[in-house]
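What follows is a short report on a single structure.
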Amino acid sequence: MFEKKGYVYILTNSKNMVLYVGVTSDLVKRIYEHKDSCVEGFTKKYNLKKLIYFEVFEDIVSAITREKQIKGWLRIKKVALIEKVNPNWNDLYETIV
């Protein structure tokens with residue numbers, strides 16, 4: 001049986017003030033939905049459209065486990081994770097499409 005990959009991602013707004021950690025099995029589609037404001041809720045309310053971090057996993061269960069771990073961190077630890085791979089907080093969406 002073919003199992004989909006899993007992705008953990010972090011979004012922010014244009015001023016990098018708010019962080020959102022999410023999980024999906026289709027990163028390109030999910031980020032597009034955020035950018036197009038298709039999804040009601042936290043990300044739409046705070047205009048979170050900038051993909052600043054993501055990780056790829058062999059399965060969705062592993063991604064969910066990692067998402068829960070990151071969500072439990074303080075902001076300072078999330079910022080360190082982001083800046084290790086994306087020090088300028090560039091929007092990474094164009095690198096995945």
**Request:** For D36 and C38, indicate whether the former's side chain and the latter's backbone hold a donor-acceptor pair under 3.5 Å.
**Result:**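 Checking the backbone N and O of C38 against the side chain of D36, no donor-acceptor pair under 3.5 Å is found.
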**Request:** Would you check if the side chain of K50 reaches a backbone N or O of W89 as a donor-acceptor pair within less than 3.5 Å?
**Result:**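 Between the backbone of W89 and the side chain of K50 there is a qualifying donor-acceptor contact (under 3.5 Å).
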Look at atom [atom1] of [X] and say whether more than 12 heavy atoms of other residues, nucleotides or ligands are closer to it than 6.0 Å.
{"X": "E83", "atom1": "CD", "answer": "yes"}
{"X": "F42", "atom1": "CZ", "answer": "yes"}
{"X": "K71", "atom1": "NZ", "answer": "yes"}
{"X": "Y46", "atom1": "OH", "answer": "no"}

Common cluster, [X]/[Y], ILVMFWY with side-chain heavy-atom separation under 4.5 Å:
{"X": "I82", "Y": "I96", "result": "no"}
{"X": "Y32", "Y": "V97", "result": "yes"}
{"X": "L92", "Y": "L48", "result": "yes"}
{"X": "I10", "Y": "V79", "result": "yes"}
{"X": "Y20", "Y": "M17", "result": "yes"}

Would you compute the distance between atom [atom1] of [X] and atom [atom2] of [Y] and round it to the nearest 0.5 angstrom?
{"X": "E55", "Y": "F57", "atom1": "CD", "atom2": "CZ", "answer": "4.0 Å"}
{"X": "D59", "Y": "K5", "atom1": "CG", "atom2": "NZ", "answer": "9.5 Å"}
{"X": "T65", "Y": "I60", "atom1": "OG1", "atom2": "CD1", "answer": "10.0 Å"}

**Message:** Run V8 and Q69 through side chain to side chain contact (heavy atoms under 4.5 Å, CB included) and show every step you take.
**Reply:** CA-CA 11 Å; V8 172; Q69 179 187 43; over 6 Å; no
**Message:** Could you walk me through whether W73 and L81 satisfy the side chain to side chain contact (heavy atoms under 4.5 Å, CB included) test, starting with their C-alpha distance in whole Å, then the side-chain angles of each, then the deciding distance to 0.1 Å, before giving a yes or no?
**Reply:** CA-CA 10 Å; W73 292 353; L81 179 69; 3.7 Å; yes
Side chain proximity check, [X] to [Y], heavy atoms < 4.5 angstrom:
{"X": "V39", "Y": "K44", "answer": "no"}
{"X": "K35", "Y": "D91", "answer": "yes"}
{"X": "R75", "Y": "L19", "answer": "yes"}

**Prompt:** Do Y9 and H34 have side-chain N/O donor and acceptor atoms under 3.5 Å apart?
**Reply:**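 Yes, a side-chain donor-acceptor pair sits under 3.5 Å.
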**Prompt:** Do S14 and K49 get their side chains close enough for a donor-acceptor pair, meaning under 3.5 Å?
**Reply:**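 The criterion, which ignores hydrogens and geometry beyond distance, is not satisfied for K49 and S14.
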**Option among N86, T12, I31 that satisfies the side chain to side chain contact (heavy atoms under 4.5 Å, CB included) test with L51** =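 With L51 as partner, N86, T12, I31 yield a single side chain to side chain contact (heavy atoms under 4.5 Å, CB included), made by I31.
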**Asked** Knowing that exactly one of V28, I52, L27 qualifies, which makes a side chain to side chain contact (heavy atoms under 4.5 Å, CB included) with Y93?
**Response**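 With Y93 as partner, V28, I52, L27 yield a single side chain to side chain contact (heavy atoms under 4.5 Å, CB included), made by V28.
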